A.B. asks: 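Provided herewith is a single structure, encoded as structure tokens, for subsequent inquiry.
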Amino acid sequence: MRQVSVGEAKNKLPYFLHLAEKGEQIQITRHGKMVALLNGVEQNEILSKKKRFLDSVQSWRERNAEWLLSDSEAAGIFERNRQIENDVRHAEDFGL
């Protein structure tokens with residue numbers, strides 16, 4: 001991702017638009033802090049689709065929270081599974 005000042009973006013806007021069309025993201029900064037992000041149309045559509053997808057997943061999780069596993073419950077299941085795998089005996093354990 002390229003970072004440019006507001007002044008540089010103003011002076012070279014056609015160049016930065018060309019880069020954005022090619023898929024590069026341009027951060028525009030003022031006094032070292034990002035104030036804008038320049039994306040091409042395709043990149044913006046991709047980001048919009050990702051955001052809509054993540055929003056729908058979050059919404060689904062909120063609607064179904066009562067039967068979803070918590071992080072600690074899931075970790076417990078994986079730990080028990082790992083212990084079971086360690087307890088499994090294989091033919092080579094018996095010299096077969």
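None of the values given here were measured: they were computed from a predicted structure.
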A.B. asks: How would you list, by chain and number, every residue that makes a side chain to side chain donor-acceptor pair (under 3.5 Å) with Asp71, sequence neighbours excluded?
C.D. replies: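 So Asp71 forms no side chain to side chain donor-acceptor pair (under 3.5 Å) with any residue.
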A.B. asks: Group every Ile, Leu, Val, Met, Phe, Trp and Tyr by side-chain heavy-atom contacts under 4.5 Å, then state whether Met34 and Val6 land in the same group.
C.D. replies: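 Each belongs to a different hydrophobic cluster.
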A.B. asks: Enumerate the side-chain hydrogen bond (donor to acceptor under 3.5 Å, both in side chains) contacts for residues 14-26, please, sequence neighbours excluded, ordered by first and then second residue.
C.D. replies: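 Those involving residues 14-26 are Arg2-Glu24, Gln25-Asn39.
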A.B. asks: Taking only residues two or more places apart in sequence or in another chain, which ones pass salt bridge (charged side-chain N to carboxylate O under 4.0 Å, His left out) with Lys12?
C.D. replies: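 If we apply the salt bridge (charged side-chain N to carboxylate O under 4.0 Å, His left out) test to Lys12, skipping adjacent residues, the hits are Glu8.
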A.B. asks: Going by side chain to side chain contact (heavy atoms under 4.5 Å, CB included), name the residues that satisfy it together with Ile77, two or more places apart in sequence or in a different chain.
C.D. replies: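 Scan of Ile77 (side chain to side chain contact (heavy atoms under 4.5 Å, CB included), adjacent residues dropped) gives Leu69, Arg80.
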A.B. asks: Taking only residues two or more places apart in sequence, or in another chain, which ones meet Glu73 in a salt bridge (charged side-chain N to carboxylate O under 4.0 Å, His left out)?
C.D. replies: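 For Glu73, no residue satisfies salt bridge (charged side-chain N to carboxylate O under 4.0 Å, His left out) once neighbours in sequence are set aside.
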A.B. asks: For residues 43-53, pull every pair meeting side-chain hydrogen bond (donor to acceptor under 3.5 Å, both in side chains), keeping only residues two or more places apart or in separate chains.
C.D. replies: Lys51-Asp55
A.B. asks: Once side chain to side chain donor-acceptor pair (under 3.5 Å) is applied, do any residues pair with Glu42, and if so which ones, sequence neighbours excluded?
C.D. replies: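 In terms of side chain to side chain donor-acceptor pair (under 3.5 Å), with neighbours along the sequence ignored, Glu42 is linked to no residue.
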A.B. asks: Going by the rule side chain to side chain contact (heavy atoms under 4.5 Å, CB included), which residues pair with Glu66 if we only count those two or more places apart in sequence or in a different chain?
C.D. replies: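 Residues passing side chain to side chain contact (heavy atoms under 4.5 Å, CB included) with Glu66: none at all.
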A.B. asks: For residues 26-64, which residue pairs pass the ring-ring contact (aromatic ring centres under 6.0 Å, His included) check, not counting sequence neighbours?
C.D. replies: Trp60-Trp67
A.B. asks: Is there side-chain contact between Leu17 and Ile26, with heavy atoms separated by less than 4.5 Å?
C.D. replies: no
A.B. asks: Between Val4 and Ile28, is any pair of side-chain heavy atoms under 4.5 Å apart?
C.D. replies: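 Yes - at least one pair of side-chain heavy atoms lies under 4.5 Å apart.
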A.B. asks: Name all residues meeting the side chain to side chain contact (heavy atoms under 4.5 Å, CB included) criterion together with Ser72; count only those two or more places apart in sequence or in a different chain, and write none if there are none.
C.D. replies: Ser70
A.B. asks: Any chance you could measure Met1, atom CE, to Gln27, atom CD, to the nearest 0.5 Å?
C.D. replies: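 The CE atom of Met1 sits 5.0 Å away from the CD atom of Gln27.
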